[in-house]
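The block underneath contains the structure these notes are about, expressed in structure tokens.
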Amino acid sequence: MPSPTNPQRLDLIDALRGFAALWVFLYHIWNVLNPWKTSQVAPVSWDVNQSWFDSLSFFAIQFGYYGVTIFFVVSGFCIHLPQARRRVVGGQDGLKLAAFFERRFWRLYPAYFASLFVASLSLGVMRLMEYQSRGWPLPLPDGFYEQAFGVKEILYNAFFLLPFFESAKDLNSVLWTLVFEVQFYLLYPVLLIMMRRVGLLPVGLILLICEIIMVPMPKNSSNYLDHSPWDYFFLAKYFEWYLGVIAAECLVRQRRLPNRMTLLFVAVVCLAISMVSVFYSVLWPYRDVWVALATFFFLLGMLPYQKEKTNNHLFKLLVWLGLFSYSLYLLHIPLMRIMYAGNTLLAEWLGRPGWQHVLIYDCIPIVIFTSWVFYLCFEKPYLKQR
């Protein structure tokens, strides 16, 4: 592993990002094919009569929304690591607010803003096809194209107002996570002061209690779409992000930790508890906390032993995906919409109605390639600029 003061990029972090983005992407494909089997909004019941393939896909892909929690922990680790390194060397965190927020803006916003227009295009395609299926009844409603392409929704999301406008969620269903990230960034200087004055563990305990209190309860068919602005309040997820901060502190200070196998065993146990939790309504609300703990122990167990070079092709692929994981995360839902619309037309042309569900897998290479190009155009240039 690089030394505490060495700013060398950590391949394991990129690989973890790549894995999380790919897992979320595959989950959303799976969710199109199995819309009522997901445990993301409520506990599920295990079907003992389902095929072995369905069972395998459930455990391999259905938990893909856990990738969001992995992102939160990794984000906290990456944001805090520079300050932790400077404190080890000079005794001070050395956080300069203007420079910090400028870096966060260029890292987050250009790609995010550009993705809103891709999402608008995909939303328009979907709604126009829906209107076409009804025979294009005339006259068109007032503001038809403005509503079809979600013009107002672009503005709502551009200013991170999604919690206050229900229609803002129609543009891209994953943008709610950016609402949390922006709050995490804005409050990080306050968090840093509290950590240094009160201590790492007391702050962590407070954040854990807050998350347990604010954790959302399971949804049902009657309140599936009901959300309160409080559901997007930073304390509902800040403990998960803060675990990344603690991981950065532990690794930089090079404190004596349990051996790697012990830490990885604990990580596996936490992940297993989380997976079991989705079947029980009492445990279901806390599954994200267990995933965050699993990621935390995984980081502690693996980062100190990271090799600078590896010939593992899967690891290299995940590292590559990690470079543009943000773009992949932002674009996969809009691109899936466009691909689904195209597959619907293709299925009709082939005389195979319903085949669009089978053809949906063709979006995997196309979405990945397009996200990489998007990264080169709207993300990488601003990474250099900042």
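If you look at Phe63 and Phe58, their ring centroids are closer than 6.0 Å. In this structure, Phe100 has its ring center under 6.0 Å from that of Tyr188. For Phe239 and Tyr242, the distance between ring centers is not under 6.0 angstrom. In this structure, Trp46 has its ring center under 6.0 Å from that of Phe59. Proximity of the aromatic rings of Phe19 and Trp23 is defined here by a centroid distance below 6.0 angstrom, and this criterion is met. Taking the ring centroids of Phe160 and Tyr112, they lie under the 6.0 Å cut-off. For Tyr238 and Trp241, the gap between ring centers is short of 6.0 Å. For Tyr27 and Tyr66, the distance between ring centers is not under 6.0 angstrom.
Salt bridge Asp288/Lys237: present, at least one basic N to carboxylate O contact under 4.0 Å. No salt bridge links Glu153 with Lys169; every basic N to acidic carboxylate O contact stays at or beyond 4.0 Å. In summary, Arg127 and Glu130 do not engage in a salt bridge, as defined by a charged side-chain N under 4.0 Å from a carboxylate O.
Both Phe113 and Phe180 are assigned to one and the same hydrophobic cluster, defined by single-linkage of ILVMFWY side chains at heavy-atom distances under 4.5 Å.
The line from CZ of Arg287 to OG of Ser39 is 6.0 Å long, rounded to the nearest 0.5 Å.
Gln83 pairs in a side chain to side chain donor-acceptor pair (under 3.5 Å) with only one of the listed residues (His80, Arg86, Arg85), which is Arg86.
The two residues Tyr232 and Ser228 come nearest to each other via the heavy atoms CD1-O, 3.6 Å.
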